[in-house]
Amino acid sequence: MKKLILFGPPGAGKGTFSSQIKDVLPDIVHISTGDIFRENLKNETPLGLKAKSYMDKGELVPDDVTIEMVRERLNKEDVKKNGFILDGFPRNTTQAEALSKMQEIDRVILLNVPRDIIIKRILGRYSCLSCNEIYNKYFMKPKKEGICDKCGSKIEFKQRPDDTEETLKNRLEVYEKNTKPLIEYYKNQKLVKEIDYSNKLPEKKVKKVIGI
Ligand code: ADP
Ligand code: ZN
């Protein structure tokens, strides 16, 4: 059973790498704090409404809210049984220290990607309104223009509201200031595996990185 943290700036491909991990470990639980917030926002839950203003600005949702949300998720049976990939958590020292009291971590995987690619990944990203499949206007267009590869419907573009130039600038700043220092924290614990994720990795490499 693996307990992994994915680490890297916005646009590094944490979501994509998580699906690559799930290809080799289908039962591992992918926990993306950003996805959980977005789901709550869509359903207009109190948690979602609380998170909205922060997400719109590209700022961190307050720690008490975020940490409790992760604690609850980590306490579920599927996680206990099959392990997890944390994607987007922890994002500052307070969160990392809270996590260290909840779980032992096997590995922290740091995804490195050049800044110009990060910017294109984020500003070019859109998804299919019907099935949520993600595309990119620079790197990953659907095979048939305007038709979704996955569900076959005519693609109606959906962009994340925080994938704008202004919000991205703030998200990158928050990463530099609050999140990046955590790399040292985990390097001191000898947990960090660093990879270049400019491109998807072959399966053999994925296995090696996660240690199976
Ligand atoms: P990114 O592409 O910036 O990594 P995410 O989908 O991980 O985007 O997160 C989107 C937003 O959700 C963040 O900008 C932040 O407002 C909020 N968020 C996600 N994870 C956390 C966290 N661990 N702590 C605080 N806020 C978070
Ligand atoms: Zn689709």
Side-chain angles (χ1 to χ4, degrees), residues 5-18 30-42 47-74 84-99 102 108 110-111 113 115 117-136 140-180 182 197:
I5 296 176
L6 288 190
F7 215 84
K14 298 187 288 292
T16 309
F17 194 62
S18 297
H30 175 223
I31 304 174
S32 156
T33 41
D35 285 351
I36 302 177
F37 283 133
R38 277 184 290 279
E39 189 60 31
N40 274 279
L41 193 53
K42 202 174 85 189
L47 176 69
L49 297 174
K50 212 180 270 175
K52 181 178 172 9
S53 61
Y54 300 96
M55 297 174 78
D56 284 346
K57 284 182 276 187
E59 281 164 16
L60 295 184
V61 178
D63 287 332
D64 51 347
V65 177
T66 307
I67 290 168
E68 267 331 292
M69 179 178 91
V70 171
R71 187 195 308 280
E72 265 177 41
R73 187 64 191 89
L74 287 173
F84 58 84
I85 313 167
L86 275 175
D87 161 357
F89 184 94
R91 252 176 157 93
N92 60 26
T93 320
T94 312
Q95 294 180 7
E97 280 164 1
L99 177 65
M102 299 179 220
V108 177
L110 170 59
L111 307 181
V113 179
R115 182 59 63 107
I117 299 186
I118 283 186
I119 291 171
K120 281 185 163 170
R121 278 190 186 163
I122 295 220
L123 299 181
R125 166 161 80 179
Y126 62 94
S127 61
C128 167
L129 196 60
S130 322
C131 75
N132 290 323
E133 183 73 352
I134 293 172
Y135 297 97
N136 186 291
M140 226 175 15
K141 292 190 184 171
K143 292 195 186 78
K144 247 199 245 160
E145 169 122 29
I147 304 293
C148 178
D149 293 345
K150 192 172 163 200
C151 74
S153 70
K154 198 159 166 275
I155 296 185
E156 286 190 59
F157 288 75
K158 189 172 72 176
Q159 263 197 305
R160 261 173 58 174
D162 59 346
D163 279 352
T164 61
E165 235 172 302
E166 200 185 289
T167 309
L168 174 59
K169 194 168 157 269
N170 204 24
R171 282 156 67 198
L172 290 170
E173 276 170 17
V174 168
Y175 177 78
E176 292 292 323
K177 187 165 161 267
N178 300 296
T179 312
K180 221 174 167 184
L182 286 186
Y197 204 51

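Start at 1 and go down the list; that is how both ligands and their atoms are numbered. Note that the structure is predicted; figures quoted are calculated from it, not measured. Nothing fancy with the numbering, it's 1 onward along the sequence.
The Zn ion (ligand 2) lies at the vertex of an angle of 110° between the SG atom of C148 and the SG atom of C151 (rounded to 10°). Computed with the Zn ion (ligand 2) at the centre, the C128 SG to C131 SG angle is 110°, stated to 10 degrees.
Classified by interplanar angle (parallel below 30°, tilted 30° to 60°, perpendicular above 60°), the ring pair Y126/F157 is tilted.
Applying the 4.0 Å criterion to heavy atoms of Q95 picks out, from ligand 1, the atoms 22 (C), 23 (N), 24 (N), 25 (C). Which parts of ligand 1 touch R38 is read off a 4.0 Å heavy-atom cut-off, strictly below it: atoms 6 (O), 10 (C). Contact atoms of ligand 1 toward T66: 22 (C), 23 (N), 24 (N), 25 (C) (distance under 4.0 Å to a heavy atom of the residue). In summary, the atoms of ligand 1 found under 4.0 Å from a heavy atom of E59, numbered by their order in the structure, are 15 (C), 16 (O). In summary, the atoms of ligand 1 found under 4.0 Å from a heavy atom of G88, numbered by their order in the structure, are 20 (N), 21 (C), 22 (C), 23 (N). Near K14, meaning under 4.0 Å from any of its heavy atoms, are these atoms of ligand 1: 4 (O). Each of the atoms 19 (C), 20 (N), 21 (C), 23 (N) of ligand 1 lies under 4.0 Å from some heavy atom of T33.
Annotation for Y175: atom OH counts as buried by contact number, over 12 foreign heavy atoms lying within 6.0 Å.
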Could you please spell out the steps behind the salt bridge (Lys or Arg N to Asp or Glu O under 4.0 Å) verdict for K169 and E166?
CA-CA 5 Å; K169 194 168 157 269; E166 200 185 289; over 6 Å; no
Please lay out, stage by stage, how T66 and F37 fare under the test side chain to side chain contact (heavy atoms under 4.5 Å, CB included).
CA-CA 9 Å; T66 307; F37 283 133; 3.6 Å; yes
Applying side chain to side chain contact (heavy atoms under 4.5 Å, CB included) to D149 and Y135, what does each step give before you reach the verdict?
CA-CA 10 Å; D149 293 345; Y135 297 97; 3.6 Å; yes
For E176 and R115, run salt bridge (Lys or Arg N to Asp or Glu O under 4.0 Å): C-alpha distance rounded to whole Å, both residues' side-chain angles, the deciding distance at 0.1 Å, then the answer.
CA-CA 12 Å; E176 292 292 323; R115 182 59 63 107; 3.2 Å; yes
Working note: N132 + K158, criterion side chain to side chain donor-acceptor pair (under 3.5 Å); need CA distance, chi angles, decisive distance, verdict.
CA-CA 8 Å; N132 290 323; K158 189 172 72 176; 2.8 Å; yes
Residue pair R171, D163: steps toward the salt bridge (Lys or Arg N to Asp or Glu O under 4.0 Å) verdict:
CA-CA 10 Å; R171 282 156 67 198; D163 279 352; 3.0 Å; yes
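The residue from K52, M55, R91, M69 that puts a heavy atom closest to atom 4 (O) of ligand 1 is R91.
Ligand 1 is never approached by K57 to a heavy-atom distance shorter than 4.0 Å.
If you check which protein heavy atom lies closest to atom 2 (O) of ligand 1, you get R171 NH2, 2.7 Å. Of the protein's non-hydrogen atoms, the one nearest atom 8 (O) of ligand 1 is R160 NH2, 3.1 Å. In terms of protein heavy atoms, atom 27 (C) of ligand 1 is closest to F37 CE1, 3.7 Å.
Of the polar atoms of V61, at least one N or O is found under 3.5 Å from an N or O of ligand 1, judged by distance alone. The shortest N/O to N/O separation between D87 and ligand 1 does not fall below 3.5 Å.
In this structure, the separation between CD on Q95 and CG on D64 is 10.5 Å, given to the nearest 0.5 Å.
Each of I36, D35, N40 was scored for a side-chain contact (heavy atoms from CB on, under 4.5 Å) with R38, with one residue passing: D35.
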